[in-house]
Q: 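Structure below; questions to follow.
All values below were derived from every heavy atom in this structure, side-chain atoms included, with hydrogens, water molecules and symmetry-related copies excluded. So you know, we letter chains A, B, ... as the sequences are listed, proteins then strands, and number each from 1.
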Amino acid sequence: MIRYTMFLKRKSILHSIDPRSKIILSLFLFVVCIFFNNPFFVGTLFFSLIIFLKIFGKVEIRKTLSFLKPMLPFVIMIMLLWILLGSEKGNVIYQIWKLKIKDVNIAMAFAMGFRVLAMILSTFLLLMTTEQRDLVLALVKMKLPYDYGLTIAIALRYVPTLASLAVSITDAQKARGLELEKGNILEKIRKYVPILVPLIVKSIQLAQELAIAIETRAFGKPNRTFYRDLKFKFKDLVFLFAAVIFFVICLYLRIKDYGTLDI
Amino acid sequence: MLKVEDLCYEYESGFQLKNINLEVKGGESIGIIGENGSGKTTLVKNLIGLLRLNSGRILLDGKDTSTMSVAEIARSIGFVFQNPDNQIFASSVKEEVSFGPQNLKIDNIEEKVTNVLKTTDLFKYKDSHPFNLSGGEKQRLALASILVMNPKILILDEPTSGLDLKNARKLIEIVKKLQKEGRTLIVISHDMELISDLCDRVVLMKSGEIIADGAIKKIFDDHDLLEKTRLDLPEIAKLSKILGFGVVFSPEELYRKWRASHD
């Protein structure tokens, strides 16, 4: 079954924090991942994030890893590229024809692998603990124009609808003998036409209907009020302060050249 | 013709089909009824191989369908989906109808497409764009694109849903003709008038189980069963039951019973 949202309903500290604080933490974590390229530093950051999510977000480690699993081929590809085509420096530890595998490149491959995973996890941390509507509301409160906020909200809202539509269309075409698994790559691509055409047509129809529906409900009228509101509480401030301290410490370590490899 | 033995199927969400046993004989017309979420469509998707059962088996002419692909099953079981818009992709009606036979590598496609377009009263639209057809015509197009594969068993999912009376009647007429030709029919519907019009046997589902399977009049006469499943009988059947004549599906039959009771 398809998962349409990453949000996991839990009663945790992270879930109760104002999404604006979490957006800032997420951005800080993302930038900090770029600061370091020592595999031990980045690896520690990655594993700490998993434990942080377990303790403060009540997200089971198994669950976090299941979200990261689909990203593994991408991470492995990055690691292989680093091992095979990395820096010229370092000692050769193995050679196959002209390809030299070097110790520095293996270290960098692990660093980059952990960096990508930690970057993904810093975004997942926000998405796993924040409901979509709160995320959009937070962005609007952070001065994103409401039109853009609504666009994001609608895009997120329609992911499940379109995914379910795609499944229905695929089922209907399979019932007419369409075999997506058979044939060479070109034939396989061509076989997606009977799925893509109805999907695009239905999406346009949906968009038109939705546009009319929001127009009839006075979309675009200035000075709109909000049904839900976000209130920045003391604990959100403490959380934000802790995030800033964490970022400053990491920035200091980077300036002092800790956690970096010379390549 | 089709035999389901101890079929069990479970979605990740937890919904289950439990120990489904069903036998469909050639030429029968069966209505599958039950509330939303009772498992009707899940059962049918298992029958046509779009979902694969967890345990039990489905025998199609004695052959276990677990070894057959969806396309292979589609040669014998045709499933007309509820929403025809979910399958239309071609630029002409005849091209749309020829999609299935091409997938199944059936011979004499042009002749078969012509015949089926005549059967479904769409021949005059053979070169029209399918998106320009009315709702009723699109529904007949969906039926034509399955009929052209000449399946022995025809499954219709809510065939008259969203159709006006004229188009619904036209579709029913076509289906009745197919019944007379000896085609086996399975109809999923909430419309009890349609079920009583087309089917002589009813399979009643509730919470993933078959709770009754038998002659339509016998099941519609079972007060406790109707209460339990909140089935709404056709108006004529309600009236005949109030008058004490049992379940009757046509005014003519009711009149005959009334005359007989007064003679």
Q: Drop me the distance from Phe79(B)'s CZ to Asp171(A)'s CG, to the nearest 0.5 angstrom.
A: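 Rounded to the nearest 0.5 Å, the CZ-CG separation comes out at 8.5 Å.
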Q: Determine which pairs satisfy salt bridge (charged side-chain N to carboxylate O under 4.0 Å, His left out) with at least one residue from residues 134-144 of chain B, sequence neighbours left out, and list them in order.
A: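 Matches after skipping sequence neighbours: Asp85(B)-Lys138(B).
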Q: Could you tell me which portion of Lys202(A) (side chain, backbone, both or neither) has an atom closer than 4.5 angstrom to a non-hydrogen atom of chain B?
A: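 For Lys202(A), side-chain heavy atoms alone lie under 4.5 Å from chain B.
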Q: Are more than 12 heavy atoms from other residues, nucleotides or ligands located less than 6.0 Å from atom CZ of Arg224(A)?
A: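 Enclosed.
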Q: Report the C-alpha distance between Leu178(A) and Phe99(B) in whole Å, list the side-chain angles of each, state the deciding distance to 0.1 Å, and finish with yes or no for side-chain contact (heavy atoms from CB on, under 4.5 Å).
A: CA-CA 9 Å; Leu178(A) 180 71; Phe99(B) 177 68; 3.8 Å; yes
Q: For Phe81(B) and Ala175(A), which heavy atoms make the closest approach, and how far apart are they?
A: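 Looking at all heavy atoms of both residues, the closest pair is CE1-CB, 3.7 Å.
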Q: For Phe47(A), give me all partners under ring-ring contact (aromatic ring centres under 6.0 Å, His included), at least two apart in sequence or on another chain.
A: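 With neighbours one apart ignored, the set is Phe114(A).
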Q: Write down the atom of Gln173(A), the atom of Gln87(B), and the distance for their closest heavy-atom approach.
A: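 Minimum heavy-atom separation between Gln173(A) and Gln87(B): NE2-O, 3.0 Å.
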Q: Which pairs, with at least one residue in residues 112-122 of chain A and sequence neighbours excluded, count as a salt bridge (charged side-chain N to carboxylate O under 4.0 Å, His left out)?
A: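 Applying salt bridge (charged side-chain N to carboxylate O under 4.0 Å, His left out) to every pair that reaches into residues 112-122 of chain A, excluding sequence neighbours, yields nothing.
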Q: Does atom NZ of Lys3(B) have more than 12 heavy-atom neighbours, drawn from other residues, nucleotides or ligands, at distances under 6.0 Å?
A: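 Open.
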Q: Around Ile189(A), counting heavy atoms of other residues, nucleotides and ligands shown, do more than 12 lie under 6.0 Å from its CD1?
A: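 Yes - once you tally the heavy atoms of other residues, nucleotides and ligands closer than 6.0 Å, there are more than 12.
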Q: Decide if atom NZ of Lys141(A) counts as having more than 12 heavy atoms of other residues, nucleotides or ligands within a radius under 6.0 Å.
A: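 Atom NZ in Lys141(A) is packed in, count exceeds 12.
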Q: Pro198(A) and Ile88(B): which non-hydrogen atoms are nearest, and at how many Å?
A: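 Of all heavy-atom pairs spanning Pro198(A) and Ile88(B), the closest is CG-O, 3.4 Å.
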Q: Any side-chain to backbone donor/acceptor pair from Asn103(B) onto Arg176(A)? Under 3.5 Å, distance only.
A: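 A pair under 3.5 Å: yes.
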Q: I'd like to know whether CZ of Phe15(B) has more than 12 heavy-atom contacts from other residues, nucleotides or ligands below 6.0 angstrom.
A: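 Above 12, so yes.
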Q: Answer yes or no: does atom NZ of Lys188(A) have more than 12 heavy-atom neighbours from other residues, nucleotides or ligands under 6.0 Å?
A: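 Atom NZ in Lys188(A) is packed in, count exceeds 12.
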Q: Counting only non-hydrogen atoms closer than 4.5 Å, can you tell me which residues of residues 50-73 of chain B sit against chain A?
A: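 Only Leu50(B), Ser69(B), Val70(B), Ala71(B) of residues 50-73 of chain B have a heavy atom under 4.5 Å from chain A.
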